[in-house]
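See structure below.
Read the numbers this way: they start at 1 and go in the same order the structure lists the ligands and their atoms.
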Amino acid sequence: MAAGRAPSEVTLVGVTKGFPASDLALLAELGVLDVGEARDQEARAKLAELAELGQLEPAPGAAAANLRWHVIGRLQTNKARSVAGYAHLVHTVDRPELAAALGKAASTLREADGSRGPLGVLAQASLDGDPGRGGVAEGDLPALLDAIAQQPALTLRGLMVVAPRDGDPGVHFARAAAWMELARAHIGPLSVLSAGMSGDFEAAIAHGATHVRVGTALLGYRAPILG
Ligand SMILES: *Cc1c(COP(=O)(O)O)cnc(C)c1O
């Protein structure tokens, strides 16, 4: 790899928002088992559709049963219960209230099913302090990390960033790497940096991204999702 990092160090999350459930089944067949969805409603519809496909004989959706669902869109607290039910990793925890809502939901699910592990989450940080794309400003990051760590049914695994549209992505992701170090100094070991999309994943990988979220470069053009 150009960045001198082994492919096994980086997880490709296939971003499937705006694409049909059949594309998730196809990605699963190709070995892309990590899928990213931005909206709870859309993810739930695809889960239901894939479950139906999996029941057919021969089952075209068989590989899709092993999918790991990544939540990458802004999340309202009233969706916490739903998301905690299927998410492998919630990338977009951007405020203490959301950490509390997810913690409560995950705890309820674990009481009902003792075999469930804690829910993995990332703290989303805003690299330019612009709340438009979600994420806490640098100064609010320690409090968010603390709020997540307080929830026994959540496991804080790292940070997530979306690079600002303007400027050199390398500069933005260098800042993300520095914030990883600050976060580790504050809270302890963290293994995940979710950074990089179709347009900038190479720069993100060069700066330590462990998860890249790639839609367009994998599946092609997607009509903008409005609202
Ligand atoms: C849509 C989306 C992506 C994927 O973007 P592409 O440019 O299609 O690769 C990645 N991350 C987040 C948070 C997204 O909303």
**Report entry** Closest to atom 2 (C) of ligand 1 (judged by heavy-atom distance), picking from H70, Q124, R222, K17
**Finding:**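 Ranked by closest heavy atom to atom 2 (C) of ligand 1, first place is K17.
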Could you find the nearest protein heavy atom to [atom] and give me its residue, atom name and distance?
atom: atom 8 (O) of ligand 1; result: T216 OG1, 2.6 Å
atom: atom 9 (O) of ligand 1; result: S198 OG, 2.5 Å
atom: atom 5 (O) of ligand 1; result: M197 CE, 3.5 Å
atom: atom 13 (C) of ligand 1; result: I72 O, 3.4 Å

Report task. Report the C-alpha separation of H172 and D200 in whole Å, then their side-chain angles, then the decisive distance to 0.1 Å, and conclude whether the side chain to side chain donor-acceptor pair (under 3.5 Å) test is met. Result -> CA-CA 10 Å; H172 298 313; D200 55 19; over 6 Å; no
Report summary line: A student checking ligand 1 against V214 at a 4.0 Å heavy-atom cut-off should list atoms 9 (O)
Report summary line: Numbered in order shown, the ligand 1 atoms found under 4.0 Å of a heavy atom of R213 are 4 (C), 9 (O), 10 (C), 11 (N), 12 (C), 13 (C)
Query raised in the report: Would you say the side chain of Q151 lies within less than 4.5 Å of the side chain of L119, judging by non-hydrogen atoms?
Result: no
Query raised in the report: After noting the C-alpha distance and the side-chain angles of D113 and S115, does the key distance pass the side chain to side chain donor-acceptor pair (under 3.5 Å) rule?
Result: CA-CA 5 Å; D113 174 3; S115 69; 2.6 Å; yes
Query raised in the report: Polar-atom distance check: G215 versus ligand 1, any N or O pair below 3.5 Å?
Result: yes
**Report entry** side chain to side chain donor-acceptor pair (under 3.5 Å) between R44 and S82, intermediate numbers included
**Finding:** CA-CA 9 Å; R44 291 196 76 93; S82 171; 2.5 Å; yes
Requested in this report: Would you mind telling me which of R213, E37, H70 makes a side-chain contact (heavy atoms from CB on, under 4.5 Å) with V15?
Outcome: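 Answer after filtering R213, E37, H70: R213.
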Query raised in the report: Could you give the distance from CH2 (W69) to NZ (K46), rounded to the nearest 0.5 Å?
Result: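 Interatomic distance, W69 CH2 to K46 NZ, rounded to 0.5 Å: 7.0 Å.
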Requested in this report: Supply the atom-to-atom distance L156 CG to L122 CG, rounded to the nearest 0.5 angstrom.
Outcome: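 Rounded to the nearest 0.5 Å, the CG-CG separation comes to 7.5 Å.
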**Report entry** Within reach of ligand 1, part of A38 (heavy-atom separation under 4.0 Å)
**Finding:** neither
